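Everything on this sheet refers to the single structure shown next.
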Amino acid sequence: MLRKLYKDTNFDKEKYEIQITDKSTGEILNTGDKSIIFRKLTGESSFSSKNYCYLDTDRLSALIKKDIKYNELGVLMFIITNISFRNNVCMIDNGDGRPHTTKTISELLKISQQATKKILNRLMELDVISQQVLKNNKQLGKVYCVNPHLLRRGKKFDSSIDVMFDDLINTTSLL
């Protein structure tokens, strides 16, 4: 949702005597003990959304230096549409709490499971995603998680995510 931003100026009743004049009648209205606020557009807008992800562009640049392909980035964009808070698990967007599998991702992409697996393996090689059973969510089984150094939903994460991924900038500098 787009929201225009304003700057409000409060006028101190102790410092200023504020009167309002009716232009049609010339009548002067005293504001009494009411405060007056002047509102002016700042020329800026604010965006908010219930469903968002943070993309770290420094880490994206590091991935580009590691020769990530456009189709690999495209697959990543598809599978992050419903990543979970606290652990970045790629979830199916149908409200039943099931994580994506290679099969569901291939159906989403409309490509074969073999081609999907090849791209997912490359993303794992680049340390963009990981596939494993989460210590605190074993009931989900083996899941695909996205590296929170690159993409994340929210700011707080389960501590098991810390050991799953390296920071893409640090690993690139070692090459």
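Residue indices begin at 1 and follow the sequence shown. Predicted, not measured: the structure shown is a model, and the values here were computed from it.
Taking the side chain as every heavy atom from C-beta outward, L150 and L55 approach each other to under 4.5 Å. Considering only heavy atoms from C-beta on, T102 comes within 4.5 Å of Y144 through its side chain. Within the 4.5 Å cutoff, no side-chain heavy atoms of D158 are placed close to those of L134. Contact of the I169 side chain with the D58 side chain is registered, since non-hydrogen atoms from C-beta on lie closer than 4.5 Å. Proximity of C145 to N87: side-chain heavy atoms (C-beta onward) are nowhere separated by under 4.5 Å. The side-chain heavy atoms of N82 and I92, taken from C-beta on, include no pair separated by under 4.5 Å. Taking 4.5 Å as the limit, every side-chain heavy atom of D56 sits out of range of all side-chain heavy atoms of L168. Between V89 and N137, every side-chain heavy-atom pair lies at or beyond the 4.5 Å cut-off.
Rounded to the nearest 0.5 angstrom, D8 CG and I37 CD1 are separated by 6.0 Å. One finds the CD1 atom of I105 at 9.5 Å from the CD1 atom of I111 (value rounded to the nearest 0.5 Å). Here CG of D127 is found 5.5 Å from CG of N147. Values are rounded to the nearest 0.5 Å. A distance of 8.5 Å separates CG in N136 from NZ in K138, rounded to the nearest 0.5 Å. Annotation: the span from L5 atom CG to S46 atom OG amounts to 5.0 Å, rounded to 0.5 Å. Rounded to the nearest 0.5 angstrom, K7 NZ and R39 CZ are separated by 13.0 Å.
With hydrogens and angles ignored, the 3.5 Å screen pairs a side-chain donor or acceptor of K69 with a backbone N or O of D67. A donor-acceptor pair under 3.5 Å links the side-chain atoms of N88 to the main chain of L151, judged by distance alone.
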Problem set entry | Audit row: L108, H100, side-chain contact (heavy atoms from CB on, under 4.5 Å) steps and yes/no | CA-CA 10 Å; L108 177 70; H100 266 300; 4.2 Å; yes
Exercise. Do K4 and L41 pass the side-chain contact (heavy atoms from CB on, under 4.5 Å) test, and can you show the C-alpha distance, the side-chain angles, and the key distance before you say yes or no?
Worked result: CA-CA 7 Å; K4 299 215 179 277; L41 280 170; 4.0 Å; yes
Exercise. Passes side-chain contact (heavy atoms from CB on, under 4.5 Å), L109 versus I119? Steps please.
Worked result: CA-CA 11 Å; L109 298 172; I119 294 170; 5.6 Å; no
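Under the 4.5 Å side-chain heavy-atom criterion for Ile, Leu, Val, Met, Phe, Trp and Tyr, V75 and M77 are members of the same hydrophobic cluster. Put simply, F78 and L60 are part of the same group of oily side chains (I, L, V, M, F, W, Y) that touch within less than 4.5 Å, one to the next. When the side chains of ILVMFWY residues are joined at heavy-atom separations under 4.5 Å, either directly or via intervening members, M124 and L126 end up in a single hydrophobic cluster. When hydrophobic clusters are built by joining Ile, Leu, Val, Met, Phe, Trp and Tyr residues whose side-chain heavy atoms come closer than 4.5 Å, directly or via intermediates, I80 is grouped together with I64.
Annotation for Y70: atom OH does not count as buried by contact number, only 12 or fewer foreign heavy atoms lying within 6.0 Å. The environment of K117 atom NZ is dense: over 12 non-hydrogen atoms of other residues, nucleotides or ligands sit within 6.0 angstrom. The number of heavy atoms from other shown groups lying within 6.0 Å of CD (Q139) is above 12.
The shortest heavy-atom contact between Q113 and S106 is CG-OG, 3.3 Å. Across all their heavy atoms, V128 and F165 have their closest contact at O-CE2, 4.0 Å. Across M91 and P99, no two heavy atoms sit closer than the pair SD-CA, 3.8 Å.
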